[in-house]
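Since this is a predicted model, take the numbers as computed values, not measurements.
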Amino acid sequence: MRMKLLAAVTTAATATLTFSTSAQANHSWGGYHWARTSNPFTIKLGDNLSSSWKSYLSTASSDWSTSSALDTTVVAGQSNNSCRATSGRVEVCNRTYGNNGWLGLASISVTGGTHISSGTVKVNDTYFNTATYNTPSWRTLVMCQEVGHTFGLNHQDETHTNPNLGTCMDYTNTPDGPPSNLHPNTHDYDQLAAIYAHLDSTSTVDQSAAVPQVGSDKASWGKRITRSSNGDTYVRDFGKGKAVITFVVWAR
């Protein structure tokens, strides 16, 4: 059985992304970023998690806060296990979302073309309750990677059988490596510094506004527009210039 490993969702037009096994590849996700008027800025990570996941969110928060561009802080969640997006922050949730094939799903809502206005991270206990994925390394990898997506990062590499790059933004069949893919690496921090090198005239961080919502099932993602051996892309058009793009990458 093939399983969808990770998915990423955004309310912006699709962008061309280039991947390489080299850790020097650009892995900005379409130029998406939080608008802010100063650096470093702080993103709130809403904890809607059960006790088995809280330490992994804490580790991811600590890891990503090493960035010179941004900090994160774990706060009480404002969502629930359905993980509705909350404007100006990231909500992080877990539940048994079912045998739908994905381990984790990250989403970002975008306004003004590239400005992230909210994010969600979902981890699927249907699979993390199994012997294969109920390990500290798989939980650490998936949480780190999904939170990284909500800052505007894509994967450094999407071939599961390539040698590990030593970053959680790398697809792998062996999270422990060597080297281990459990934490960000220097290129992730360099990429964040490049994404957030400019300042904006307004801020989408910790702001209140309505954001579009998508569900956890394929039916809510809309029409499939591309298909490959490694992943599928879906688009859901909300009208008035708003859409949700869902990118699913397959694990083997």
To the nearest 0.5 Å, tell me how far [X] [atom1] sits from [Y] [atom2].
X	Y	atom1	atom2	value
Met169	Leu141	CE	CG	9.5 Å
Ser117	Tyr32	OG	OH	12.5 Å
Asp190	Leu192	CG	CG	9.0 Å
Ser118	Gln207	OG	CD	12.5 Å
Arg36	Ile43	CZ	CD1	10.0 Å
Leu57	Arg139	CG	CZ	13.0 Å

Looking at every non-hydrogen atom in both residues, tell me the closest pair between [X] and [Y] and how far apart they are.
X	Y	result
Tyr189	Thr66	OH-CB, 3.6 Å
Asn164	Thr174	ND2-O, 2.9 Å
Asp63	Leu182	OD2-O, 4.3 Å
His149	Ala106	CB-CB, 3.7 Å
Met143	Leu49	CE-CD1, 4.2 Å
Trp102	Asn124	O-ND2, 3.1 Å

request  = Decide yes or no on side chain to side chain contact (heavy atoms under 4.5 Å, CB included) for Leu153 and Gln191, but give the supporting numbers first.
outcome  = CA-CA 8 Å; Leu153 289 176; Gln191 185 66 70; 3.5 Å; yes
Looking at [X] and [Y], would you say the former's side chain and the latter's main chain have a donor-acceptor pair under 3.5 Å?
X	Y	answer
Thr96	Gly98	no
Thr140	Pro136	yes
Asn94	Lys122	no
Asn154	Ser28	no
Thr72	Ser61	yes
Gln156	Asp170	no
Thr204	Ala35	yes
Trp64	Cys144	yes
Asp200	Thr37	no
Asn181	Thr167	yes

request  = Could you walk me through whether Thr130 and Thr132 pass the side chain to side chain donor-acceptor pair (under 3.5 Å) test, one step at a time?
outcome  = CA-CA 5 Å; Thr130 67; Thr132 299; 4.7 Å; no
Could you check whether any side-chain heavy atom of [X] comes within less than 4.5 Å of a side-chain heavy atom of [Y], counting everything from C-beta outward?
X	Y	result
Pro40	Asp71	yes
His155	Gln145	yes
Val121	Thr150	yes
Thr161	Asn173	yes

query = For His183 and Asp188, does a side-chain donor sit closer than 3.5 Å to a side-chain acceptor?
reply = no
key: Donor + acceptor pair across side chains of Asp125, Trp53 (<3.5 Å)   = yes
request  = Tell me, with the steps shown, if Asn39 and Leu199 meet side chain to side chain contact (heavy atoms under 4.5 Å, CB included).
outcome  = CA-CA 8 Å; Asn39 285 338; Leu199 296 178; 3.8 Å; yes
Tyr196 ring center near Phe151 ring center (under 6.0 Å) = no
task = Determine, using ring centers only, whether His33 and His115 are less than 6.0 Å apart.
result = yes
message = Determine whether Ser82 and Tyr97 satisfy the following criterion, side chain to side chain contact (heavy atoms under 4.5 Å, CB included), listing intermediate values before the conclusion.
response = CA-CA 9 Å; Ser82 64; Tyr97 290 104; over 6 Å; no
Stepwise side chain to side chain donor-acceptor pair (under 3.5 Å) test for Asn99 and Thr126 = CA-CA 6 Å; Asn99 290 297; Thr126 301; 5.5 Å; no
request  = Can you label the angle between the Tyr133 ring and the Phe128 ring as parallel, tilted or perpendicular, going by 30° and 60°?
outcome  =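 If you compare the ring of Tyr133 with that of Phe128, the planes turn out perpendicular.
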Pairing residues for Arg89 by the salt bridge (charged side-chain N to carboxylate O under 4.0 Å, His left out) criterion, not counting sequence neighbours =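 Here the qualifying residues are Glu91.
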query = Going through the distances and angles, do Thr135 and Ser137 end up as a side chain to side chain donor-acceptor pair (under 3.5 Å)?
reply = CA-CA 5 Å; Thr135 68; Ser137 55; 3.3 Å; yes
inquiry  = Is there a side chain to side chain donor-acceptor pair (under 3.5 Å) between Asn48 and Ser79? Walk through the geometry before answering.
reply    = CA-CA 7 Å; Asn48 304 276; Ser79 186; 4.8 Å; no
